[in-house]
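Encoded as structure tokens, the structure appears first; notes follow it.
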Amino acid sequence: MSREYLQCGRFGFDLAKRPLVMGILNVTPDSFSDGGRHHALEFAVEGAEQMIRDGVDIIDIGGESTRPGSPSVPVEEELRRVMPVIYALRELGVPLSIDTCKPEVMREAIIAGADMINDINGFRAPGALEAVRDSDCGLCVMHMQGTPQDMQAQPDYADVVGEVTAFLRARCDALIAEGVARERITIDPGFGFGKTVAHNVALLRSISNMQRELGLPVLAGLSRKSMIGAITGRPLDERLAGSLGGALAAVAQGARIVRVHDVAETVDALKVWQAGTKNN
Ligand code: 7PJ
């Protein structure tokens, strides 16, 4: 099997070996059991340590809720949420990804030791390209139509796969024009970000083509999303099995990284999937 390298800050991955699991660590106040900041750091560290025991490859730290309709968070507040978590987790031996659209947060996170920047906005904010250019952190370039506030109002495409592919190509070209090495970049069609269920299904089926056309690894985030709910008829807290099915569908299409809430279960599912498909 050929080597397919992803540079991820202090870490490097051979993506040809097996699909990677990115675990979601939300550090928004609504994700703490006491609804506030008091135990935030403790929860984050416990959550991260559990993910590591469960076999996570990358931890994705998010301080801005991007669920449809969520308000945007001021930069100072996002920094207050995310920075202590980076400092607390950076010596655990696992790459830290920061889920942010804000160039100020990207810069501070990289200085503090973040290994990857995951931008649902595809590095479109003024200053975002410059914020990540001169580092060796991994990058996830995601497609979104609209903003988290309005994206699910009326998703509209003439050709969803063509448009998402063209967008991702343009954003990757912009990064590469700034001097960013290709081996730092992953692409993500952005399931649920300004898409109907039909759009999401079309994109899921196109992962393999998209990856081949752009020559860059795909990261797929389907975990617990409304698409899983629509297909299974299940509420948010009953979407584990559907999400595992989504992760397997994505890797069967060639996705190199899956972004998930349920790390232990996904790692197990992928181990078995891998045992049954590996041809080396
Ligand atoms: C995604 C994300 C995704 C990437 C969120 C949720 C909403 N980043 N951040 N891809 N989704 N790269 O987890 O339901 O699909 S937040």
Side-chain angles (χ1 to χ4, degrees), residues 6 8 19-28 30-31 47 51 57-73 78 81-82 95-102 105-106 109 114-124 128 132 137-149 151-152 155 164 167-168 171-172 175 184-195 197 199-201 203-204 207 210-211 216-230 235-237 239-240 242-243 246-247 249-251 255-263 266:
L6 175 68
C8 204
L20 304 182
V21 174
M22 170 183 268
I24 300 168
L25 188 68
N26 284 318
V27 294
T28 52
D30 59 359
S31 54
M51 284 193 216
D57 295 297
I58 303 170
I59 297 177
D60 189 42
I61 303 165
E64 178 178 46
S65 181
T66 45
R67 278 197 290 264
S70 305
S72 69
V73 174
E78 197 178 327
R81 292 176 185 176
V82 166
L96 303 180
S97 162
I98 311 304
D99 188 341
T100 188
C101 305
K102 297 189 181 70
V105 177
M106 294 176 190
D115 300 289
M116 184 164 184
I117 302 293
N118 170 25
D119 184 355
I120 61 161
N121 198 37
F123 300 91
R124 281 180 289 176
V132 300
C137 65
L139 303 170
C140 181
V141 180
M142 201 194 80
H143 173 273
M144 168 169 59
Q145 185 179 79
T147 67
Q149 288 74 49
M151 64 190 181
Q152 288 308 102
V164 169
F167 171 89
L168 293 174
R171 296 316 301 156
C172 292
L175 282 162
R184 292 175 56 195
I185 303 176
T186 66
I187 52 173
D188 182 342
F191 294 101
F193 285 84
K195 282 121 191 160
V197 174
H199 294 142
N200 288 318
V201 169
L203 288 166
L204 179 57
I207 285 176
M210 192 176 288
Q211 201 160 235
L216 290 165
V218 165
L219 184 157
L222 295 154
S223 186
R224 299 184 190 171
K225 286 190 175 167
S226 60
M227 164 193 189
I228 305 293
L236 196 56
D237 60 350
R239 294 183 188 163
L240 170 58
S243 299
V251 300
R256 300 298 197 258
I257 308 175
V258 287
R259 179 180 178 278
V260 305
H261 298 86
D262 303 289
V263 172
T266 307

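When a ligand or atom number is given, it counts from 1 through the structure's own listing order.
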* Within the protein, residues bringing a heavy atom under 4.0 Å of ligand 1, chain by chain -> Thr66, Asp99, Asn118, Ile120, Cys140, Met142, Asp188, Phe193, Leu219, Gly221, Lys225, Arg259

* To do: Would you check if Met116 and Ile58 make a side-chain contact, meaning some heavy-atom pair closer than 4.5 Å?
  => yes

* Asked: Does the side chain of Ser243 reach to within under 4.5 Å of the side chain of His261, using non-hydrogen atoms?
  -> no

* Asked: Do side-chain atoms of Asp60 reach the backbone of Ile24 as a donor and acceptor pair under 3.5 angstrom?
  -> no

* Before giving the answer on side chain to side chain contact (heavy atoms under 4.5 Å, CB included), spell out for His143 and Leu203 the whole-Å C-alpha distance, their side-chain angles and the decisive distance to 0.1 Å. => CA-CA 11 Å; His143 173 273; Leu203 288 166; 6.0 Å; no

* Asked: Salt bridge between Arg259 and Asp99, side-chain N to carboxylate O under 4.0 Å?
  -> yes

* **From Leu168, Leu219, Asn118, Ile120, residue fulfilling side-chain contact (heavy atoms from CB on, under 4.5 Å) relative to Val141** => Leu168

